[in-house]
Amino acid sequence: MIYTIFILKLKLFVPYSEMAFEGKNTVKVGAVMRSLLKDNTIFLFLVQSIVVIFAIALSFALVYASPAGYEDIKIELDRLIQDKHRSEYRHNWLKLSDDFYEIYRSNAAWNNRPAALFRSAFALDQMAQRSFVRKDAQSAIERYLYLVNKHKNSPLADDSLYNAAQLANTVLRDTKKAKAYLKQCIKDYPTGDYILKAKKYYAEIGDGAIASLGTIAVARPSQASITLTKINSQLKNDVVRIYISMDTISSWRAKYKNDDKNQWVIITLNNVAPSQNLELVDTFKKHGIFVGYHIDYNEEEGASVITLEFSDLLRYAVKSEKEPARLIVEATNSTKELRSGINVKEDSPKKKVSAKEQKTAQKAVDKKTAKATAAKNSSAQINKDDVPTLASKIASQLGLKVKTVVIDPGHGGKDPGAINNGIKEKDFNLDVAKRLASVLKSAGYTVHLTRSNDKYVGLYERTDIARKHKADLFISLHANSSKNKNAEGFETYYLDFTKDAEVIRLAAIENAGVEKRGLGEMEKILGDMLLKARIQESKRLASKVQHSAVRKVSKAGYKVKSNGTKGAPFHVLIGSSMPCILVEMGYTSSAAEAKRLSSDKYKNSLAEGIANGVHQYAKELNK
């Protein structure tokens, strides 16, 4: 083979040398060259070797060299990931994805073209992680899977399956799909660099895990190390307390469930196994509203699930104690008891109504019915926010569920917020935030604070914390202030734009210290991120919280003015990809309201009211 190539090159080389030296002395030079080539075999071998090596190097260069512009696009991708502001615009990610895909499509002979396809999918992936729009995640997953199908031997195939699994779990909330992608990654690429990550992530998801907006590590011990020793109950003042005792306190979560006839509070204890002396059957005779309990032990997960059954539950709370190590579940059907609990149904007491009041009420109903009929006949507009099916439809499209809540105590550190009548807003916000967190945790939610002490946290950093924890809801707590010393009231805001001068003034105060960003840019971001549905969800959340908080505070014996819900351009809400609200809990500038805000009882009522609003919203969404 080599000999044939040499002979071919020789035949080509000799006439070329003769042509090159035509003219004066052509014959002489040509004769010398022919003599040299015929007699000197070493020289001939070297020349031919150089020609062959050059040809091979040229062919490799053509196959492996990056296409024009590819390296520049890679640099632009890295820059966009690091740029907090530009990364909020969809068109930047879409352009990069299209650019990478065009390089992949138009360079069929390029050996490394799967890398361009992977980066095209990765750009869509990054956009989906910021928008939390299902369609974005689906587009990224489709492109990852296209790489796996077309280039199954590529070293990036296992990376693609792993990334697709993450999007399926965190954005689509489809645990089954996520597990299927991870199984394929583990099975088809046992020697790939993602094998350990895939196995670990699969273990974290587990067979019974609830897909959430975050990748929360869940302990799955092969054998539980804590023993469940005793369950007993006590009834006092219409409140039943169920004590769940253990060797040492474990991590736990609580969930409420009901149907037409029954109500249950389900407690899951991680790394806990029942004692052999504890019977795994329904037990206890009816104790107040407490009917009994049942324990299931999942040996594979090392977790005990305790199902507590109730007959007429109105509200409940769960708290833990270290000494002795136990959980305490408190439950009641009394409207006067357990005010720190989570309502599971409306607690409006029945009131005796006189015949005259009944007649007046009936007239009002008849009048309202007539108006409704007339409106229907005239094709009057229906308030879409009040249509129950619309919320379900939005939730379904966006994959919204509520498991994780981030609470943001406004201001902090060098930023004290409003200071009036002996109240520093930053301290008040943190106090109520901790109370609210405690109530929500007792209801089984995972709760994180953007700050747990007196430190400064930037406005953009606060929403970054919510993203980091993959929050389902973001609640920012504040206290109001006004030059009008008579201004009072509780109000809840969601992200939107307004022409109300007072709202604009308040937004300017709360946005103080933020990096400069114009309203026009904020509008672009909102439109760009397709957040209309999320704004609708935020409005619904704001309405639930506003109504519940005012109602709870009023029932506690305080007169509070409800200022309703409003849209406002708060920067702390702009970066949130989840439903988010900002709560102004009262005016510290009002001496009368400041006195209430300083009361522990009032702060407890605020926290419980906000928590109940969150819980009511979550119940509708999680159906």
Side-chain angles (χ1 to χ4, degrees), residues 70 73-74 76-81 83 86-107 113-152 154 156-182 184-185 194 198 201 205 211-215 393-401 467 470 472 524-535 537 575-578:
Y70 178 67
I73 304 172
K74 283 173 59 180
E76 176 58 25
L77 176 62
D78 292 337
R79 287 175 177 170
L80 185 57
I81 291 172
D83 193 324
R86 290 178 58 238
S87 63
E88 292 177 348
Y89 289 83
R90 292 173 59 84
H91 69 268
N92 289 328
W93 296 110
L94 292 171
K95 182 180 184 303
L96 281 177
S97 179
D98 289 345
D99 288 346
F100 279 121
Y101 189 76
E102 178 60 26
I103 285 177
Y104 167 79
R105 188 189 62 80
S106 58
N107 291 273
R113 64 193 294 252
L117 182 59
F118 179 84
R119 285 187 170 86
S120 175
F122 185 71
L124 296 176
D125 184 338
Q126 291 293 304
M127 181 174 70
Q129 289 185 40
R130 288 162 173 78
S131 69
F132 272 93
V133 174
R134 291 176 62 86
K135 188 176 179 181
D136 292 345
Q138 288 165 347
S139 297
I141 290 173
E142 286 172 6
R143 193 149 294 183
Y144 279 133
L145 297 183
Y146 182 77
L147 186 152
V148 175
N149 293 331
K150 289 290 184 180
H151 308 279
K152 62 180 181 181
S154 168
L156 292 170
D158 57 337
D159 303 50
S160 297
L161 286 169
Y162 183 83
N163 288 358
Q166 283 193 313
L167 284 175
N169 187 44
T170 59
V171 181
L172 299 185
R173 308 238 178 152
D174 193 332
T175 309
K176 289 183 179 179
K177 274 189 179 179
K179 288 171 61 181
Y181 299 147
L182 291 171
Q184 185 179 350
C185 181
Y194 267 76
Y201 194 34
I205 294 176
S212 71
L213 281 176
T215 53
K393 187 175 180 182
I394 292 173
S396 175
Q397 291 173 344
L398 295 176
L400 296 176
K401 293 283 183 182
R467 285 176 175 173
K470 307 299 183 188
D472 301 312
K524 288 177 185 177
I525 294 171
L526 281 178
D528 207 23
M529 295 293 284
L530 302 177
L531 290 181
K532 282 188 176 180
R534 293 198 183 279
I535 291 175
E537 287 302 306
S576 302
S577 55
M578 69 292 298

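For reference, positions follow the sequence shown, starting with 1.
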>> Can a side-chain donor-acceptor contact be found between Y144 and D125 if the only test is distance below 3.5 angstrom?
In response: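 Note: D125 and Y144 side chains meet the donor-acceptor criterion.
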Distance in Å, [X] [atom1] paired with [Y] [atom2], rounded so as to fall on 0.5 Å steps:
X	Y	atom1	atom2	answer
I81	E76	CD1	CD	10.5 Å
R113	Y101	CZ	OH	8.5 Å
L117	F100	CG	CZ	11.0 Å
H91	D98	NE2	CG	12.5 Å
K176	K179	NZ	NZ	8.5 Å
N163	L156	CG	CG	10.0 Å

Please name the pair of heavy atoms, one in [X] and one in [Y], separated by the smallest distance, quoted to 0.1 Å.
X	Y	value
L77	L96	CA-CD1, 3.7 Å
S160	F118	OG-CD1, 3.4 Å
S87	W93	O-NE1, 2.8 Å
A164	I141	O-CD1, 3.8 Å
L167	A137	CD1-O, 4.1 Å
V148	A157	CG2-O, 3.6 Å

Using a 4.5 Å cut-off on heavy atoms from C-beta on, say whether the side chain of [Y] contacts that of [X].
X	Y	answer
D159	F122	no
R90	D136	yes
L161	Y194	no

> What residues, two or more places apart in sequence or in another chain, satisfy salt bridge (charged side-chain N to carboxylate O under 4.0 Å, His left out) together with K150?
Replying inline: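 Partners of K150 by the salt bridge (charged side-chain N to carboxylate O under 4.0 Å, His left out) criterion come out as none, since no residue qualifies.
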> By salt bridge (charged side-chain N to carboxylate O under 4.0 Å, His left out), which residues pair with R105, not counting sequence neighbours?
Replying inline: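 Only E102 meet the salt bridge (charged side-chain N to carboxylate O under 4.0 Å, His left out) criterion with R105.
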>> Quick one, Y201 with N169, criterion side-chain hydrogen bond (donor to acceptor under 3.5 Å, both in side chains). Give me CA distance, side-chain angles, the key distance, then yes/no.
In response: CA-CA 10 Å; Y201 194 34; N169 187 44; 3.1 Å; yes
> Parallel, tilted or perpendicular: which fits the ring planes of Y104 and H151, with parallel below 30° and perpendicular above 60°?
Replying inline: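 Y104 vs H151 ring planes: perpendicular.
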>> If we ignore hydrogens and angles and just use 3.5 Å, is the side chain of D83 paired with the main-chain N or O of R79 as donor and acceptor?
In response: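 It does not hold such a pair.
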>> Using a 3.5 Å distance criterion without hydrogens, assess whether the side chain of R130 forms a donor-acceptor pair with backbone atoms of Q126.
In response: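 Judged by distance alone, yes, a pair lies under 3.5 Å.
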> Is it true that D99 and K95 have a side-chain N and a carboxylate O under 4.0 angstrom from each other?
Replying inline: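 Answer for the salt bridge query: yes.
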> Does atom CZ of R86 have more than 12 heavy-atom neighbours from other groups under 6.0 Å away?
Replying inline: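 Enclosed: over 12 neighbouring heavy atoms sit under 6.0 Å from CZ of R86.
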> What do the steps show when you test R143 against S97 for side chain to side chain contact (heavy atoms under 4.5 Å, CB included), and what is the final call?
Replying inline: CA-CA 10 Å; R143 193 149 294 183; S97 179; 3.3 Å; yes
